[in-house]
Amino acid sequence: MLSRASVGDHVVAVRDVSSPFGTHRVRQGTRGLVVAGPSGIFGSRYKVEFASGGTLLVGSGDLRRATFGHGRGSFRRYKARRRLLWCGAFLLFGLPVLQTVASQGGADGMAGLALGLPLALLDQVVHLASVLGLPLVACLAFLYWLARRLR
């Protein structure tokens with residue numbers, strides 16, 4: 001629960017939040033920036049710009065103050081780093097998969113595409129395990145599972 005936040009504070013959604021008409025949904029754990037505070041004495045809804053995109057009016061019970069970060073500049077840097085990580089993950093995993101699917105699909109048509117995608121994904125997992133080593137991959141998979149479980 002958020003006791004009192006000022007404009008420019010970084011906050012985190014405590015639970016899933018959606019807009020009144022369901023057009024925009026923010027998942028638990030998504031970071032945001034307080035754009036405007038509550039109006040009036042009894043107001044408890046903050047206008048928050050979330051990193052996933054979009055601005056919502058969110059109640060103080062659905063937010064908590066982030067551990068670090070303050071200000072619009074810091075929030076923009078956070079969003080830029082997040083975007084770069086997604087692009088890097090796509091280049092590392094998605095591009096080789098697309099390359100394999102395209103080479104399989106070009107030769108055999110739709111049947112080649114259906115066969116190429118699972119083979120490409122399996123090839124990427126085996127390649128990652130050979131580069132990092134099987135114990136490290138097992139540790140990373142366990143940490144990922146644990147993080148999803150504790151969320």
Results of side chain to side chain donor-acceptor pair (under 3.5 Å) for K79 - residues two or more places apart only: E49

Show me the donor-acceptor pairs within less than 3.5 Å that the side chains of residues 84-98 make with the rest of the protein, sequence neighbours left out.
none

Can you check whether Q28's main-chain N or O pairs, donor with acceptor, with D16's side chain at less than 3.5 Å? yes

Hey, are the side chains of V48 and T55 touching, using non-hydrogen atoms and a 4.5 Å cut-off? no

Heavy atoms of V26 and S52 approach each other most closely as CG2-OG, 4.4 Å

Would you give the length of the straight line joining atom OG1 of T30 to atom CZ of R25, rounded to the nearest 0.5 angstrom? 9.5 Å

Residues at least two apart in sequence or cross-chain that pass side chain to side chain donor-acceptor pair (under 3.5 Å) with R76, listed by chain then number, are none

Decide yes or no on side chain to side chain contact (heavy atoms under 4.5 Å, CB included) for V11 and R64, but give the supporting numbers first. CA-CA 6 Å; V11 292; R64 70 171 170 79; over 6 Å; no

The single option from V7, V34, L57 that satisfies side chain to side chain contact (heavy atoms under 4.5 Å, CB included) with Y46 is V34

Taking the side chain as every heavy atom from C-beta outward, state whether V58 and R45 have any atom pair closer than 4.5 Å. no

Hydrophobic cluster (4.5 angstrom, side-chain heavy atoms) - remaining members for F75: L33, Y78

For residues 80-97, the salt bridge (charged side-chain N to carboxylate O under 4.0 Å, His left out) pairs (sequence neighbours left out) are none

Sequence neighbours excluded, the answer for side-chain contact (heavy atoms from CB on, under 4.5 Å) partners of S74 is H10, R77

Do you know the tightest heavy-atom contact between S44 and P38? N-CB, 3.9 Å

